[in-house]
Trainee: 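Attaching a single structure in structure tokens format; questions to follow.
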Amino acid sequence: MSKRDYYEVLGVAKNASEDDIKKAYRKLAMKYHPDRNQGDAAKGAEEKFKEVKEAYEMLSDAQKRAAYDQYGHAGVDPNMRGPGGPGAEGFGGFAEAFGDIFGDMFGQGRGRGGNRVYRGSDLSYAMEITLEEAAKGKDAQIRIPSWEACDTCHGSGAKPGTSAKTCGTCQGSGTVQMRQGFFSVQQTCPHCRGTGKIIPEPCMTCHGQGKVKRQKTLEVKIPAGIDDGMRIRSTGNGEPGTNGGPPGDLYIEIRIKKHDIFERDGDDLHCQVPVSFITAALGGEIEVPTLAGKAAIDIPEGTQAGKQFRLRGKGIKGVRASYPGDLYCHIVVETPVKLTEYQRKLLRELEESLKKGGAKHSPSAESWTDRLKSFFS
Ligand SMILES: [Zn+2]
Ligand SMILES: [Zn+2]
């Protein structure tokens, strides 16, 4: 692949001033910033950024620029600048590259001083969803904070018309030597907090930060089967890194609202189904709810309270499960209330009739009586 002309890469004229080159570089570096180029675009942007950075490094150095003007690419070797140069592969190279541009933009020297690169903090976001949404999955939109370079100061943090000054305490190195007895300890400069620069008149918009907090909308895909307490990671959507460090991640923590009918236990669902004592005694078809709508089950004659019926596959298919869980219907036998005189009479007659039949009509009571007997004897 033939190398593009450095002036062409930056889109400036051959006689461009140092200032023009710097401006063009900032503009392009912002354009290929990783926050603005995610997913498939990120790879291309990284290549572009390396190209832009190399061009800037050559043209911003008067000696290298002169050599390049005279001999072209043969006159300068970008790989002659030690580890982390344009030849470096992987994220390390990229992060190092951004160390430079952010150092420049935030008035923190050229990135090679004492400026440490830090990864941004992770953020967490709690999202409440219904059980139905958890079972089916959901495309959600959330508003999250995002940071952009400040428009007022173009990221320098200094009030327009003023500029950052080299820190007098550390002479711009970001670190100071502290003597402790026989030892000399290097510490982060307390005056400039390691940036090497002091902003005498901070920008009013960003309070000297060089960046402002905004809101952005993020599309989140909630996978079907997600359970309470699970987290979804959105890579790179946390807080921005410091000195070009990579951003943190955003964690979306799922909370499932309490459901009126179902209780979830892993991939299984449980529900209480009230059944009249007549139906429980005679047996019959009862209607039960499922997440997919109504279903009918046949309960046998003589069904006791607390009996459970399992509906296979009517639970939830977990995120990593191959099969859905089951639905357990727990029978709650209901005692009739607000009886009329006639109904009372019928029940008394029924009771008389059952007594004549003896213990065979009440299997639980029978074993209960036996157990009581042995308990008291
Ligand atoms: Zn500002
Ligand atoms: Zn300092």
Side-chain angles (χ1 to χ4, degrees), residues 18-37 49 52-53 56 60 84 95-121 123 143-181 183-216 236-248:
E18 253 180 65
D19 226 354
D20 289 342
I21 287 171
K22 200 167 192 168
K23 272 184 199 153
Y25 172 51
R26 278 185 180 164
K27 217 175 103 188
L28 290 168
M30 288 302 290
K31 186 175 166 190
Y32 298 123
H33 189 285
D35 276 0
R36 290 157 195 235
N37 298 278
F49 184 81
V52 165
K53 178 178 178 285
Y56 175 67
S60 61
E96 194 272 342
F98 269 94
D100 275 10
I101 181 64
F102 276 102
D104 209 32
M105 285 197 313
F106 295 157
Q108 293 172 344
R110 289 296 319 280
R112 254 177 288 285
N115 299 340
R116 303 267 289 274
V117 168
Y118 295 103
R119 180 179 177 274
S121 307
L123 291 177
R143 299 281 287 162
I144 58 161
S146 74
W147 288 261
E148 287 170 24
C150 173
D151 285 339
T152 311
C153 62
H154 303 286
S156 73
K159 192 170 165 183
T162 73
S163 60
K165 292 190 168 37
T166 302
C167 173
T169 307
C170 62
Q171 314 304 331
S173 71
T175 54
V176 286
Q177 300 285 331
M178 303 287 282
R179 286 203 72 83
Q180 289 184 342
F183 301 101
S184 178
V185 189
Q186 202 173 53
Q187 286 189 334
T188 301
C189 172
H191 192 211
C192 62
R193 281 173 292 171
T195 61
K197 296 269 179 171
I198 292 296
I199 298 171
E201 289 181 81
C203 165
M204 300 295 274
T205 312
C206 62
H207 309 288
Q209 294 283 301
K211 53 188 178 176
V212 284
K213 200 171 173 176
R214 297 252 162 82
Q215 292 275 307
K216 74 174 176 186
N237 277 312
E239 289 201 33
T242 305
N243 294 327

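For ligands, and for the atoms within them, numbers begin at 1 and follow the listed sequence.
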Trainee: Distances under 2.8 Å only: what protein N/O/S atoms are near the Zn ion (ligand 2), ordered by chain and residue?
Mentor: C167 SG, C170 SG, C189 SG, C192 SG
Trainee: To the nearest 10°, how many degrees is the angle C150 SG to the Zn ion (ligand 1) to C206 SG?
Mentor: 110°
Trainee: Taking everything shown except E18 itself, do over 12 heavy atoms lie less than 6.0 Å from its CD?
Mentor: no
Trainee: Name all residues meeting the side-chain contact (heavy atoms from CB on, under 4.5 Å) criterion together with K165; count only those two or more places apart in sequence or in a different chain, and write none if there are none.
Mentor: P200
Trainee: Assess whether side-chain contact (heavy atoms from CB on, under 4.5 Å) is satisfied between Y25 and K53, documenting all intermediate values.
Mentor: CA-CA 8 Å; Y25 172 51; K53 178 178 178 285; 4.2 Å; yes
Trainee: Which heavy atom of W147 sits nearest to which heavy atom of G238, and what is that distance?
Mentor: CZ3-O, 4.1 Å
Trainee: Indicate yes or no for a side-chain donor-acceptor contact from Q209 to the backbone of C206 under 3.5 Å, with no hydrogens or angles considered.
Mentor: no
Trainee: Is the Zn ion (ligand 1) under 2.8 Å from any N, O or S atom of C153?
Mentor: yes
Trainee: Under the side-chain contact (heavy atoms from CB on, under 4.5 Å) rule, what do C150 and C203 come out as? Steps first, then yes or no, please.
Mentor: CA-CA 9 Å; C150 173; C203 165; 3.8 Å; yes
Trainee: Are any side-chain N or O atoms of S60 and backbone N or O atoms of Y56, one a donor and one an acceptor, separated by less than 3.5 Å?
Mentor: yes
